[in-house]
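To start, the structure itself, in structure tokens.
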Amino acid sequence: MSATLADERLIVALDFHKADDVKKLVDELGDKIIFYKVGMELFYSVGTEVIDFLKSRNKKIFLDLKLHDIPATVAGGLCSLANLGANILNVHAFGGFTMMKNSAEKLREESERLGIEKPKLVAITVLTSINQDDWNGLGLSQTKISDTVIRLAKSAKSAGLDGVVASPQEAGLISEACGEDFLIITPGIRPAGSDINDQSRISTPAAAIKNGANYLVVGRPIRAAKNPVEAAENILKEIAGI
Ligand code: C5P
């Protein structure tokens with residue numbers, strides 16, 4: 001596949017716990033993949049070394065640590081992460097408006113102080129793995145998941161965040177409610193016929209983009225495929241065909 005089919009909108013999730021596995025997949029996928037997601041499994045085991053590695057390969061990084069704590073602690077955590085060189089950082093919208101607003105302000109100030117481009121800050125709305133039973137178990141059966149996602153997205157926008165992480169099924173509603181400049185990152189992507197695993201509110205790559213997603217996060221459909229390069233190429237072709 002030519003480098004021209006590379007598409008920044010596809011973010012590959014590096015849910016490994018060994019640096020060697022990261023290097024193998026990144027080398028295998030080569031120039032096709034520009035954006036990678038580092039989550040807690042990898043960051044907790046390998047640490048900042050993986051960020052340095054991805055930067056040395058000129059990759060973009062979504063550091064998906066999903067911070068969720070009181071406002072001062074989350075803002076402090078983000079300031080500690082600001083200088084690592086990630087392009088996107090995130091917090092849980094369920095941490096509340098005050099936490100999000102404080103985090104956005106402190107991250108802006110810290111980035112100015114460091115003289116770096118501010119990483120985008122996005123909020124997790126409702127995890128794509130949450131199904132109706134989980135939702136009811138949280139005592140939220142009186143509310144619709146999608147209404148809550150929209151409420152959290154609007155709250156994240158007024159708190160000064162750059163976007164949200166949500167299910168591709170909710171992307172259209174978010175873009176209507178928050179406007180086109182507000183980033184929508186969608187995990188829960190499953191090409192037709194692939195295993196759902198522990199995800200619930202899923203869509204195909206094409207449907208996610210049609211619904212207004214700016215970025216698609218894809219992990220197991222690429223990482224666990226017999227041929228990860230072919231799996232990535234197929235998703236890139238599907239996106240390019242829209
Ligand atoms: O393997 P799979 O494609 O399901 O991976 C999805 C990735 O996106 C995982 O790394 C997961 O942590 C992340 N994620 C998610 N749902 C969210 C936020 C992040 O699945 N709401």
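Computed over heavy atoms, backbone and side chain alike; hydrogens, waters and symmetry mates excluded. We count ligands from 1, going down the list as the structure has it; atoms in each ligand are counted the same way.
- Y215 has its ring centre less than 6.0 Å from the ring centre of F35.
- For A224, the side chain to side chain contact (heavy atoms under 4.5 Å, CB included) criterion is met by R220, not counting sequence neighbours.
- One distance of note links CZ of F62 with CD1 of I185; it measures 4.5 Å at 0.5 Å rounding.
- With sequence neighbours excluded, the residues forming a side chain to side chain contact (heavy atoms under 4.5 Å, CB included) with A159 are F97, M100, K101, L161, listed by chain and number.
- Remark: L25 pairs with V12, L14, F16, E28, L29, R223, P228 by the side chain to side chain contact (heavy atoms under 4.5 Å, CB included) rule, at least two apart or across chains.
- For I242, the CD1 atom is densely surrounded, since the number of other residues' heavy atoms within 6.0 Å is greater than 12.
- Pocket lining of ligand 1, defined as residues with a non-hydrogen atom under 4.0 Å away: A13, D15, K37, D64, K66, I124, L127, T128, V165, P187, R190, Q199, V217, V218, G219, R220, P221.
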